[in-house]
Amino acid sequence: MKQLITVLCVSIIFISCQEHNDKTNTMNQDCLFSKEQLQEDFKVFRTSLEEIHPGLYSYIDKDSLSLYFDNVFSKLNHSMTKDDFFRLLTPLIVKIYDEHTSLDFSYKYDNIKKLLPIKIRWVN
C-alpha cells in the first residue's frame with residue numbers, strides 16, 4: 001500500500017511539473033553553446049575521466065579510447081545545443097564498457113530534478 005501511495009505521489013508531482021518543464025525545456029533546447037564553450041566542457045570531461053575513473057581502461061585500451069576522444073573533439077567545430085552535445089558524448093561513454101559510468105544532464109538544465117532528485121525506471 002505504501003508503494004502505491006509513493007508511486008501516486010511521484011506521478012502527481014511529475015504531472016504537475018510537466019507544463020512548467022515543457023516551457024523551460026523548450027527554452028533550454030534552443031540555447032546554443034559556442035564552439036569554445038563546448039570544447040572547454042569536453043576537455044574538462046575528458047580530463048576528469050582520465051584522472052579520476054578507476055577502471056577507465058579495464059575494457060578498452062588507452063590508444064583506442066584516445067582515438068574516440070579525439071574523434072568526438074573534432075566534431076565540436078560549431079555551436080550546438082545541450083542535446084546535440086549529449087548525443088556526441090553518449091556513444092563515447094558506451095565505449096568505456098562500464099555500467100557505473102553514465103552521462104546525465106546538469107541539474108541546471110533539468111528542472112524536474114530540482115523537485116524530484118531521483119531516477120525512475122520502468123522495468124517490464
Side-chain angles (χ1 to χ4, degrees):
M1 184 68 173
K2 288 181 182 180
Q3 291 175 342
L4 178 60
I5 292 172
T6 303
V7 169
L8 288 175
C9 289
V10 168
S11 298
I12 290 169
I13 292 170
F14 182 76
I15 290 168
S16 66
C17 297
Q18 190 63 39
E19 183 176 324
H20 172 72
N21 286 334
D22 287 344
K23 291 176 186 175
T24 307
N25 286 340
T26 301
M27 276 191 332
N28 288 334
Q29 288 175 1
D30 294 338
C31 179
L32 285 176
F33 295 93
S34 70
K35 173 181 89 168
E36 291 78 18
Q37 289 174 312
L38 296 169
Q39 288 176 344
E40 181 62 29
D41 282 354
F42 184 83
K43 288 176 186 175
V44 170
F45 165 76
R46 180 177 182 168
T47 303
S48 298
L49 280 175
E50 290 176 337
E51 291 180 359
I52 298 171
H53 195 290
L56 187 61
Y57 305 112
S58 296
Y59 300 101
I60 186 169
D61 62 274
K62 187 174 183 174
D63 292 337
S64 296
L65 190 57
S66 290
L67 185 63
Y68 289 124
F69 277 128
D70 295 341
N71 184 28
V72 171
F73 188 81
S74 71
K75 294 177 183 177
L76 300 175
N77 56 9
H78 61 282
S79 297
M80 62 180 70
T81 65
K82 68 172 178 61
D83 292 339
D84 295 332
F85 188 58
F86 184 80
R87 285 186 199 103
L88 279 177
L89 295 183
T90 301
L92 186 57
I93 291 293
V94 171
K95 296 292 183 189
I96 297 172
Y97 300 108
D98 181 3
E99 294 177 6
H100 298 101
T101 305
S102 63
L103 190 62
D104 203 359
F105 288 127
S106 167
Y107 281 96
K108 181 178 178 183
Y109 298 107
D110 193 355
N111 289 323
I112 192 67
K113 288 183 180 176
K114 292 179 184 174
L115 300 172
L116 189 65
I118 60 171
K119 290 185 180 183
I120 300 175
R121 294 185 185 178
W122 302 103
V123 180
N124 293 331

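By convention here, the first residue in the shown sequence is residue 1.
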A.B. asks: Check whether more than 12 heavy atoms from other residues, nucleotides or ligands sit under 6.0 Å from atom OH of Tyr59, and answer yes or no.
C.D. replies: no
A.B. asks: Could you go through Tyr57 and Glu50, starting from their C-alpha distance and side-chain angles, then the distance that decides it, and tell me whether this counts as side-chain contact (heavy atoms from CB on, under 4.5 Å)?
C.D. replies: CA-CA 9 Å; Tyr57 305 112; Glu50 290 176 337; 3.8 Å; yes
A.B. asks: State yes or no: do Phe86 and Phe33 share one hydrophobic cluster built from I, L, V, M, F, W and Y residues joined by side-chain heavy-atom distances below 4.5 Å, directly or via other members?
C.D. replies: yes
A.B. asks: Output yes when a side-chain donor or acceptor of Thr47 lies under 3.5 Å from a complementary backbone atom of Val44, and no otherwise.
C.D. replies: no
A.B. asks: Which distance, rounded to the nearest 0.5 Å, do you find between the CG of Asn77 and the NZ of Lys35?
C.D. replies: 7.0 Å
A.B. asks: What pair of heavy atoms forms the shortest contact from Thr101 to Ile93, and how long is it?
C.D. replies: O-CG2, 3.5 Å
A.B. asks: Does the side chain of Ser64 come within less than 4.5 Å of Leu67's, by heavy atoms?
C.D. replies: no
A.B. asks: Not counting sequence neighbours, which residues clear salt bridge (Lys or Arg N to Asp or Glu O under 4.0 Å) with Asp70? List them please.
C.D. replies: Arg46
A.B. asks: Quick check for you: to the nearest 0.5 Å, what is the distance between Leu56 atom CG and Ile52 atom CD1?
C.D. replies: 11.0 Å
A.B. asks: What's the shortest heavy-atom distance between Lys75 and Met80, and which atoms?
C.D. replies: O-CE, 3.9 Å
A.B. asks: Given side chains that start at C-beta, do those of Leu49 and Ile96 come closer than 4.5 Å, heavy atoms only?
C.D. replies: yes
A.B. asks: Provide the closest heavy-atom pair for Ser79 versus Ser34 in the form atom of the first, atom of the second, distance.
C.D. replies: OG-CA, 3.7 Å
A.B. asks: Take the angle between the ring planes of Phe69 and Phe45 and call it parallel below 30°, perpendicular above 60°, tilted in between.
C.D. replies: perpendicular
A.B. asks: Can you name the nearest heavy-atom pair linking Phe85 to Phe42, along with the distance?
C.D. replies: CZ-N, 4.2 Å
A.B. asks: To check you understand the geometry: which heavy-atom pair defines the closest contact between Val72 and Leu88, and what is its length?
C.D. replies: CG2-O, 3.9 Å
A.B. asks: Quick one: pull up NZ in Lys82 and CZ in Arg87 and give me the separation to the nearest 0.5 Å.
C.D. replies: 9.0 Å
A.B. asks: When rounded to the nearest 0.5 angstrom, what distance separates CD in Gln39 from CD in Gln37?
C.D. replies: 11.0 Å
A.B. asks: Would Asp84 and Thr81 count as a side chain to side chain donor-acceptor pair (under 3.5 Å) here? Give the steps.
C.D. replies: CA-CA 5 Å; Asp84 295 332; Thr81 65; 3.2 Å; yes
A.B. asks: Kindly give the heavy-atom pair with the smallest separation between Leu38 and His78, and that separation in Å.
C.D. replies: CD1-O, 3.6 Å
